[in-house]
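The figures that follow rest on heavy atoms only: side chains count, while hydrogens, waters and symmetry mates do not. Because the structure is predicted, anything quoted here is derived from the model rather than measured. So that the names make sense, note that chain A is the first sequence line, chain B the second, and so on, each numbered from 1.
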Amino acid sequence: MKRKTQRMIYVGAGLAILAFAGLLAFFAIGDNVRFFYSPGDLKQLASPPTQSFHLGGLVKAGSVHKDNEMMLRFTVTDGAAEVPVVYDQTEHGLVPDLFAEGQGAVAEGKLGDDGTFVATRVLAKHDENYMPPEVTDALKRSGEWQRGRPE
Amino acid sequence: MQWEYAAYIWSSYAAAAVILTGVAAVSILRLRRALRVQAALEAKLDQLRSGDEA
Amino acid sequence: MSGWHRFANPTRFSRLSARILPWALALTIVLFAVGLYLALVGSPPDARQKDTVRIMYIHVPAAWMALATYVLMAVFSGMGFIWKHPLADIAAKNCAPIGASFTLLALITGALWGAPMWGTWWEWGDARLTSFLILFFLYLGYMALWQVFEDPEKAARAAAILALVGLINIPVIHFSVQWWNTLHQPASVFRRGGPTIDPAMLWPLFVMLFAFKAYFVSVLLLRIRAEVAERRVRALQMMQAEA
């Protein structure tokens, strides 16, 4: 066998083994790579996490209200379940400008005994849709506006 | 331009300008230097060779 | 004399690249001029992101090119490994600094977008962000490996193996936003069902992408020519020492 062919086989076999190892690693890592739990994910857990974790999903339309100027309450939903969230902006800072009803958000904090998620940080999530304001206005007017769902 | 978040946008374009022109400039200088040294060496070797023949 | 035939091809390459280079450089400048105009002036703000969407015109091409450059580097590495062609090794080697710059640029602009939009510069737990940082380290490791070995053939072989092994990270980066829950948004352009970017933003994005591509070709050709000349210099110095 020519050395060149031999090296070609090395590279081919190496890449095949690598792909296989990658596949194994992928299934081993599995869900541990999640950046956040959705409300539906939480419902499926035997017991909710006791430590701080990320809760992500859509901010339910019409759910955002303020106890006072800085105390924010809203509901995170993924269609399968909902979790009420409370966030103190005086203590932890204002929510990002992108934070809005019907849009994605990720909150970091702990689940309280009453089932309310006490957030210490709120991040806004952007979806895959990019369009100028005129286009969203037109879509909203024609009733074709669909809000992106979180992955 | 009255942009919201202008500082973030300009910083992004500044980073791009610095990194891309930086890499390009270094590459051009490297090529020019290499070609200069190569030409000098070749000239010197030619001289040596013609000296041998003479 | 035995090693000289190997410089035959690089010489031809140098002549060819010298002819292509001015055009590639001119194309880079023109495309960047048009692309920057479209990105900064000729495109609308986004409904939600407002003007920060303009960061995308740098961030997305840089990120795409970071991935494409890595794949090209791995292909050159494989060619160099199998056929032992020095020009392939040189091409692979000089892809790395350019790819690393694209990666760094994507990381920086991503942070500059994330800070005002997400409310965070960086999140360690995010699969897209973390896998992209690994790409940066792969580039750095590849470049470092070239420096470890004195003998360019040995260095090329070791670096090629790293480049090929690191290839596994590319699909991980691409699909990370699909496989796992991430803060990073899913793909908007290369996705099933077509792009979800308005044409008014998609065109400027593609012009910028081609500007980045022209830039890449220009700088890669510059660097390969430089390295070919440097190796020639080394060979000449050796000849001189022998004489």
Heavy-atom distances under 4.5 Å only: say whether Asp137(A) touches chain C with side chain, backbone, both or neither. neither
Heavy-atom distances under 4.5 Å only: say whether Leu15(A) touches chain C with side chain, backbone, both or neither. side chain
Would you check, one step at a time, whether the test side chain to side chain contact (heavy atoms under 4.5 Å, CB included) holds for Phe36(A) with Glu123(C)? CA-CA 11 Å; Phe36(A) 57 81; Glu123(C) 286 298 313; over 6 Å; no
With only heavy atoms counted, which part of Trp124(C) is less than 4.5 Å from chain A, the side chain, the backbone, both or neither? neither
Which region of Met117(C), side chain (C-beta onward) or backbone (N, CA, C, O), has a non-hydrogen atom less than 4.5 Å from a non-hydrogen atom of chain A, or is it both or neither? both
Test log, rule side chain to side chain contact (heavy atoms under 4.5 Å, CB included), inputs Phe35(A) and His184(C): CA-CA 10 Å; Phe35(A) 182 66; His184(C) 195 285; over 6 Å; no
Cut-off 4.5 Å, heavy atoms of chain C, and the answer for Ala19(A) is backbone
Between Ala187(C) and chain A, with a heavy-atom cut-off of 4.5 Å, which part of the residue counts as in contact: side chain, backbone, both or neither? backbone
Side-chain donor or acceptor of Asp46(C) paired with backbone N/O of Met131(A) under 3.5 Å: yes
Could you check whether any side-chain N or O of Arg7(A) sits under 3.5 Å from a backbone N or O of Phe81(C), counting only pairs where one atom can act as donor and the other as acceptor? yes
Search all heavy atoms of Pro133(A) against all heavy atoms of Pro45(C) and return the closest pair with its distance. CD-O, 3.1 Å
For side chain to side chain contact (heavy atoms under 4.5 Å, CB included), just list the numbers for Thr120(C) and Arg121(A), CA-CA rounded to whole Å, side-chain angles, deciding distance to a tenth of an Å, and then say yes or no. CA-CA 10 Å; Thr120(C) 180; Arg121(A) 211 156 69 109; 3.9 Å; yes
Is it the backbone or the side chain of Val165(C) that comes under 4.5 Å from a heavy atom of chain A, or both, or neither? both
Side chain to side chain contact (heavy atoms under 4.5 Å, CB included) for Asn181(C) and Asp41(A)? Distances and angles first, verdict last. CA-CA 11 Å; Asn181(C) 281 341; Asp41(A) 293 337; 3.5 Å; yes
Treating Lys84(C) as the side-chain partner and Lys4(A) as the backbone partner, does any N or O pair qualify as donor plus acceptor under 3.5 Å? no
If only atom types and distance count, is the side chain of Ser188(C) paired as donor or acceptor with the main-chain N or O of Glu128(A) below 3.5 Å? yes
